[in-house]
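Report on the structure given below.
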Amino acid sequence: MSTTNTANLYDVLAERGFVSQATDEKIRERFVRPVTAYIGFDPTADSLHVGNLVPVMALAHLQRCGHKPIAVVGGGTGLVGDPSGKTESRKMLTREDIDHNVRCIGKQIEHFVTFDAPGKNSPTGAVMLNNADWLTELSWVELLRDYGTHFSVNRMLTMDSVKSRLDAESGLTFLEFNYMVMQAVDFLHLYKTHKCTVQMGGQDQWGNIVMGIELGRRIAGAELAGLTFPLVTKSDGGKFGKSESGNVWLDPKRTSPYEFYQFWRNTPDVDVKRYLGFFTFLPIDEVNKLGALQGQEANAAKQMLAYEVTKLVHGQAEADTARDSVQKAFGAAQDVTGEAIPHGDLSEAELGAGIGVIQLLVTAGLAKSNGEAKRLVSAGGVRLHDQPVKDISQQVTADDIRDGYVLIRAGKKRLFRFDVR
RNA sequence: GGGCGGAUGCCAGAGCGGCCAAAUGGGGUGGGCUGUAAACCCACUGGAGAAAUCCUUCGCAGGUUCGAAUCCUGCUCCGCCCA
């Protein structure tokens, strides 16, 4: 079902804001003919988060433009940990953890690209590889003899990722120093086995990508190319992809579709256009049109953004419910009965005796501790069915049941419904 | 192997015997203003408790002291310099 179109991949990526750096100006010409390109993903968790979405979308664009995408999950490199962009060493993961993570991440990527059936190798079918398959086979001596002479330590020391770590207090271990070597070997391996000639990645991967290109040229005489994506930032300087409850994950068990939708719905005005380009497949004209909306109207663009991204990640059905629930809950109707609204059960017996609001806030997950719940109430941020809660010792009783549920709100955007059984 | 310096809350970073649950900034949360935006202003930001107060926290383990994040000893990890 590859919707192959005639657009040049480079143009598509460029107009959507995906291009930060490319190895040469002529990179566009490479995409006139079908190429095979790869992007690596680190298996540091068993789910991707929204921060990983840029490279995932890039893979999808790759396929849509008639190229063959390879997703490399770093089972081997994950054992080492990438020093790029980190101020200190990453925790080392066990092999079992990594294998588990690799499988989970693979499944998530499947939502964005169409994979080749096992054994098949179609021109645009995506392939998922685990670099542990070849990296762990390499012996130390073999590695040094075959590749060691092609890496200049002088050169490696000039790489930003290395330099920053040398300056940093935490320093850089030999293990991490080798990360870029592994990634370079990956690129060479993919060139040899899959005719892969392009590597893409985040801005912080530039150095690693360049190492691979050089290795390919020296060992195989290959003309490889690389392209990096800009770091996604929030205009206010905050970290992208974080919400009150931490990372925003693709896994619905970690971040519900409702929360996921809300995350995008709350995008600052100035970032909407950029995000539409990155995280949706809406035609660029549409992106520009929505992105140009000003003032109150920008909300329409945010709704579209939230809906489209949720649809991509969780499917149309979930996106529909999330959108409808949110609209009802925040619209004039104030209808919070939908299944997508965060909710839980409460027995009538429990209510009969009366439950403290504080406890209710904690069980609802709106506050992490009693103290936090109290602070919320004292700050005037809690409402019970739209009635402000003023007293931290207030009891919730059967009298508070409306239409079979008790609704508690924390702030303007967070709410939780207790269905009374 | 030797010398020196360091390890503090989500992060960065002060404190260097009691006034320290620990300055300040960032982040986060709540309130105000709004449009479920930004900017701005205000408040809060270890846990339990209605509160008094109690408990746990300043790399780890001991010690000195009425009293330690602060002093001493050992250990672990890290940086810098010398070999």
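Letters go in sequence order (proteins before strands), and every chain restarts at 1. Side-chain atoms are counted along with the backbone in the values below, which use heavy atoms only and exclude waters and symmetry mates.
One finds the CG atom of A/N299 at 12.0 Å from the CZ atom of A/F330 (value rounded to the nearest 0.5 Å). With rounding to the nearest 0.5 Å, the separation of CZ in A/R265 from OG1 in A/T310 is 12.0 Å. Taken to the nearest 0.5 Å, the CD1 atom of A/I209 stands 9.0 Å off from the OG1 atom of A/T23.
Comparing the same atom, P, in B/A37 and in B/U29 gives a spacing of 12 Å after rounding to whole Å. The C1' atoms of B/A21 and B/A68 are separated by 15 Å, rounded to the nearest whole Å. Taking atom C1' in both B/U70 and B/G3, one finds a spacing of 25 Å when rounded to whole Å. Taking atom P on both nucleotides, B/C72 is separated from B/A7 by 14 Å, rounded to a whole Å. B/U24 and B/A51 have their P atoms separated by 24 Å, given to the nearest Å. Look at the C1' atom in both B/A61 and B/C4: the space between them is 24 Å, to the nearest Å. One C1' atom belongs to B/G26, the other to B/C44, and the distance between them is 16 Å to the nearest Å. Rounded to whole Å, the C1' atom of B/A14 lies 11 Å from the corresponding atom of B/G25.
Using a 4.0 Å heavy-atom distance criterion, A/A367 is classed as making no nucleic acid contact.
With sequence neighbours excluded, the residues that form a side-chain hydrogen bond (donor to acceptor under 3.5 Å, both in side chains) with A/T228 are A/Q203. Considering only residues two or more places apart in sequence or on other chains, A/E15 meets the side-chain contact (heavy atoms from CB on, under 4.5 Å) condition with A/I284. With sequence neighbours left out, the side-chain hydrogen bond (donor to acceptor under 3.5 Å, both in side chains) criterion links A/D269 to A/K302. Residues passing the side-chain contact (heavy atoms from CB on, under 4.5 Å) test with A/H150 are A/L215, A/R218, A/I219, sequence neighbours excluded.
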Step-by-step side-chain hydrogen bond (donor to acceptor under 3.5 Å, both in side chains) determination, A/N101 to A/D46: CA-CA 4 Å; A/N101 294 348; A/D46 65 2; over 6 Å; no
Evaluation steps, side chain to side chain contact (heavy atoms under 4.5 Å, CB included), between A/V272 and A/L276: CA-CA 6 Å; A/V272 174; A/L276 282 166; 3.8 Å; yes
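Residues from residues 387-398 of chain A that place a heavy atom under 4.0 Å from any atom of RNA chain B: there are none. Of all the residues in residues 313-324 of chain A, not one reaches under 4.0 Å from RNA chain B with any non-hydrogen atom.
For the residue pair A/Q183 and A/Q199, a side-chain donor N or O sits within less than 3.5 Å of a side-chain acceptor on the partner. A donor atom on one side chain and an acceptor atom on the other are found under 3.5 Å apart for A/S256 and A/E259.
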Dump the pairs, protein N or O against N or O of nucleotides 20-24 of chain B, anything under 3.5 Å, distances to one decimal.
none

Polar atoms only, N or O, under 3.5 Å: list the protein pairs with nucleotides 34-37 of chain B and their distances.
from  : atom 1 : to     : atom 2 : distance (Å)
B/U34 : O4     : A/K412 : NZ     : 2.5
B/G35 : O4'    : A/Q296 : OE1    : 2.8
B/G35 : O6     : A/D269 : OD2    : 3.4
B/G35 : N1     : A/D269 : OD1    : 3.3
B/G35 : N1     : A/D269 : OD2    : 2.6
B/G35 : N1     : A/G295 : O      : 3.2
B/G35 : N2     : A/D269 : OD1    : 2.5
B/G35 : N2     : A/D269 : OD2    : 3.4
B/G35 : N2     : A/N299 : OD1    : 3.4
B/G35 : N2     : A/K302 : NZ     : 3.0
B/U36 : O2'    : A/N266 : OD1    : 2.3
B/U36 : O2     : A/Q262 : OE1    : 3.3
B/U36 : O2     : A/N266 : OD1    : 3.0
B/U36 : N3     : A/Q262 : OE1    : 3.4
B/U36 : N3     : A/Q262 : NE2    : 3.1
B/A37 : OP1    : A/K413 : NZ     : 2.8
B/A37 : O4'    : A/K302 : NZ     : 3.0
B/A37 : O2'    : A/D269 : N      : 3.0
B/A37 : N3     : A/D269 : OD2    : 3.4

Pairing pattern in dot-bracket form [Watson-Crick, G-U; both distances under 3.5 Å; | = partner strand] for RNA chain B: ((((((((.[[[..)..(.....]]]((((((.......))))))(((....)))...[[[[[..)....]]]]]))))))).
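Looking only at side-chain heavy atoms (C-beta outward), A/F416 and A/I341 stay at 4.5 Å or farther from each other. Side-chain contact check for A/L53 versus A/L48: every heavy-atom pair is 4.5 Å or farther apart. The side-chain heavy atoms of A/R274 and A/F278, taken from C-beta on, include a pair separated by under 4.5 Å.
Taking the centre and axis of the six-membered ring of A/Y10, the NZ or CZ atom of A/R28 falls outside the cone set by 45° and 6.0 Å. In this structure, A/R64 satisfies the cation-pi test against A/F281, with its NZ or CZ atom closer than 6.0 Å to the six-membered ring centre and inside 45 degrees of the ring normal.
Salt bridge present: A/K311 and A/E308 bring a charged side-chain N and a carboxylate O closer than 4.0 Å.
Among residue pairs with one or both ends in residues 139-157 of chain A, those qualifying as salt bridge (charged side-chain N to carboxylate O under 4.0 Å, His left out) are A/R155-A/E214; sequence neighbours excluded.
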Can you give the donor-acceptor pairs under 3.5 Å from side chains of residues 395-406 of chain A to other protein atoms, not counting sequence neighbours?
from   : atom 1 : to     : atom 2 : distance (Å)
A/T397 : OG1    : A/D399 : N      : 3.2
A/D400 : OD2    : A/T397 : N      : 2.9

Where protein sits on nucleotides 43-49 of chain B, one letter per nucleotide: B base, S sugar-phosphate only, - none, heavy atoms under 4.0 Å: -SS-SSB
